[in-house]
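Report on the following structure.
Within every chain, numbering begins at 1; the chains are lettered A, B, ... in the order of the sequence lines, protein sequences first and strands thereafter. Quick note: numbers below take in every heavy atom, side chains included, and nothing from hydrogens, waters or symmetry partners.
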Protein chains: 2
Amino acid sequence: MVKPQVERQNTPSMEDYLEAIAMLRGEDKVARVSQISQKLKVKMPSVTSALRKLSEKELVLHQKYGYVELTTEGDKMAKDIIRRHKALSRFFTEILDIERETAEEDACKIEHVISPLGLERIIKFIEFVEACPQGEVNLPKRYKHYLEPGELPEDCLGKGLRERK
Amino acid sequence: MVKPQVERQNTPSMEDYLEAIAMLRGEDKVARVSQISQKLKVKMPSVTSALRKLSEKELVLHQKYGYVELTTEGDKMAKDIIRRHKALSRFFTEILDIERETAEEDACKIEHVISPLGLERIIKFIEFVEACPQGEVNLPKRYKHYLEPGELPEDCLGKGLRERK
DNA sequence: AGCATTTGTTAGTTACGCCTAACAATGTTA
DNA sequence: TAACATTGTTAGGCGTAACTAACAAATGCT
């Protein structure tokens with residue numbers, strides 16, 4: 001992998017752990033090693049060692065054989081990761097019309113590497129598209145029409161690509 | 001990092017090397033270890049060891065102290081990576097209005113992790129937006145207007161988000 | 001309470017991908 | 001062509017992050 005020019009404070013892996021813990025704390029009540037292991041499809045020893053690192057960074061609280069809590073700092077980070085994830089996932093499903101599962105997978109990977117600006121612009125873009133349908137039929141629907149029957153909408157004033165049937 | 005459910009044939013790092021070699025072969029005439037090293041901001045020994053791996057996989061031809069060639073297979077892969085890169089880079093610059101450098105960085109990272117479907121949909125989306133301006137002012141310009149003065153275009157029929165000044 | 005199952009930990013291994021230091025080949029030029 | 005600079009390689013090390021095997025604690029059941 002190419003060396004990041006600005007050292008990331010947390011690796012994608014660590015972010016996945018934080019995210020998983022936060023999500024479990026939402027769904028169930030407590031996060032346990034076994035749960036995290038299942039959610040991330042990783043064996044338990046991997047979780048134990050990740051938790052040790054996150055503890056050292058004061059992002060989680062975890063004592064042996066106990067359950068896992070996020071510190072204030074860890075929770076803040078987790079919330080941000082989830083925010084990124086949700087934005088990307090919405091973009092893929094709502095704008096690009098990709099089915100949930102693939103959208104989730106892509107979001108899961110991209111959330112760790114996209115720049116803050118890239119993310120903000122995607123959020124703004126969703127906002128914009130939803131706020132501004134531009135005609136009776138909104139952009140996602142029009143785009144879907146382009147994907148599906150493969151035709152441009154009639155009220156489309158564009159030149160170029162007209163010949164593509 | 002989360003274990004990929006389907007084992008990727010090449011790692012992001014290997015893809016970066018293939019991409020760099022193909023790009024050098026375009027720009028200059030021959031790809032040398034030093035050039036690859038510079039382009040990827042990695043020391044030369046890292047390049048040597050990467051080339052060994054790529055040679056084993058029959059993706060590059062490289063004999064000691066010689067320059068580097070792509071095999072037919074390697075070239076095919078490289079071309080696909082570059083295709084992904086270009087699509088993403090266009091999306092970030094032309095649709096999301098992100099400056100070249102950040103767009104390139106994001107493209108560089110995302111190209112390795114996005115799903116084939118995600119990529120195709122982004123390509124289609126660019127196509128669609130360019131083919132279908134929807135009004136005198138095309139979508140990117142309208143979006144930019146939303147970003148810049150922070151206002152929705154006048155001809156926007158949307159509800160919601162109206163109150164955001 | 002006692003034993004079994006589940007859950008979690010430690011220890012040790014592997015692979016990747018970068019690094020530095022040292023050495024070797026190549027190329028340049030006096 | 002001999003000396004020097006550049007380029008490339010090997011060897012060895014480090015951090016991350018996964019894994020298995022073996023052991024230990026906690027839980028659950030009778």
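Note on Ser13(B): every side-chain N or O is 4.0 Å or more away from OP1 and OP2 of dC16(C). For the pair Ser49(A) and dT9(C), the criterion of a side-chain N or O lying under 4.0 Å from OP1 or OP2 is not met. Under 4.0 angstrom from either OP1 or OP2 of dA21(D) there lies no side-chain N or O belonging to Lys43(A). Taking side-chain N and O atoms only, Ser46(A) has a distance below 4.0 Å to OP1 or OP2 of dC19(D). Residue Lys64(B) places at least one side-chain N or O under 4.0 Å from the OP1 or OP2 atom of dT10(D).
dA15(C) atom C1' lies 13 Å from atom CD of Glu56(B), rounded to whole Å. Summarising the geometry, the separation between CZ on Arg52(B) and P on dT9(D) is reported as 9 Å, rounded to the nearest angstrom. Here the P atom of nucleotide dG8(C) and the CD atom of Gln63(A) are 14 Å apart, to the nearest Å. In this structure, Lys57(A) places its NZ atom 7 Å from P of dT16(D), rounding to the nearest Å. Rounded to whole Å, the distance from CG on Leu51(B) to P on dT10(D) is 11 Å. In this entry the distance linking CD of Gln38(B) with C1' of dG8(D) reads 14 Å, nearest Å. Rounded to a whole Å, the CD atom of Glu15(A) is 15 Å from the P atom of dT16(D). The separation between Ile36(B) atom CD1 and dG17(C) atom P is 15 Å, rounded to whole Å.
Of the candidates dT9(D), dA17(D), dT9(C), the closest approach to any side-chain atom of Thr11(A) belongs to dA17(D).
Residue Tyr17(A) is classed as a sugar-phosphate contact, given heavy-atom separations below 4.0 Å to backbone atoms only.
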Could you walk me through whether Asn10(A) and His112(A) satisfy the side chain to side chain donor-acceptor pair (under 3.5 Å) test, starting with their C-alpha distance in whole Å, then the side-chain angles of each, then the deciding distance to 0.1 Å, before giving a yes or no?
CA-CA 9 Å; Asn10(A) 288 297; His112(A) 304 298; over 6 Å; no

Distances for protein N or O near nucleotides 2-7 of chain D N or O, under 3.5 Å:
| from | atom 1 | to | atom 2 | distance (Å) |
| --- | --- | --- | --- | --- |
| dT7(D) | O3' | Arg32(B) | NH1 | 3.2 |

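Contact of the Ile122(B) side chain with the Ile114(B) side chain is registered, since non-hydrogen atoms from C-beta on lie closer than 4.5 Å.
A salt bridge is absent between Lys76(B) and Asp80(B): the closest approach of a Lys/Arg side-chain nitrogen to an acidic carboxylate oxygen does not fall below 4.0 angstrom. With respect to Lys57(A) and Glu73(A), no salt bridge is recorded, no charged nitrogen being found less than 4.0 Å from a carboxylate O. Taking 4.0 Å as the cut-off between side-chain N and carboxylate O, Lys39(B) and Glu27(B) count as a salt-bridged pair.
Ring geometry for Phe91(A) against Phe91(B) counts as tilted: the plane angle lies between 30° and 60°, on a 0 to 90° scale.
Each of Glu111(B), Arg84(B), Glu104(B), Glu94(B) was checked for a side chain to side chain donor-acceptor pair (under 3.5 Å) with Ser89(B), and the lone residue meeting it is Glu104(B).
The nearest heavy atom of DNA chain C to Pro45(B) and to Gly66(A) marks one nucleotide each, and the one closer to the 5' end goes with Gly66(A).
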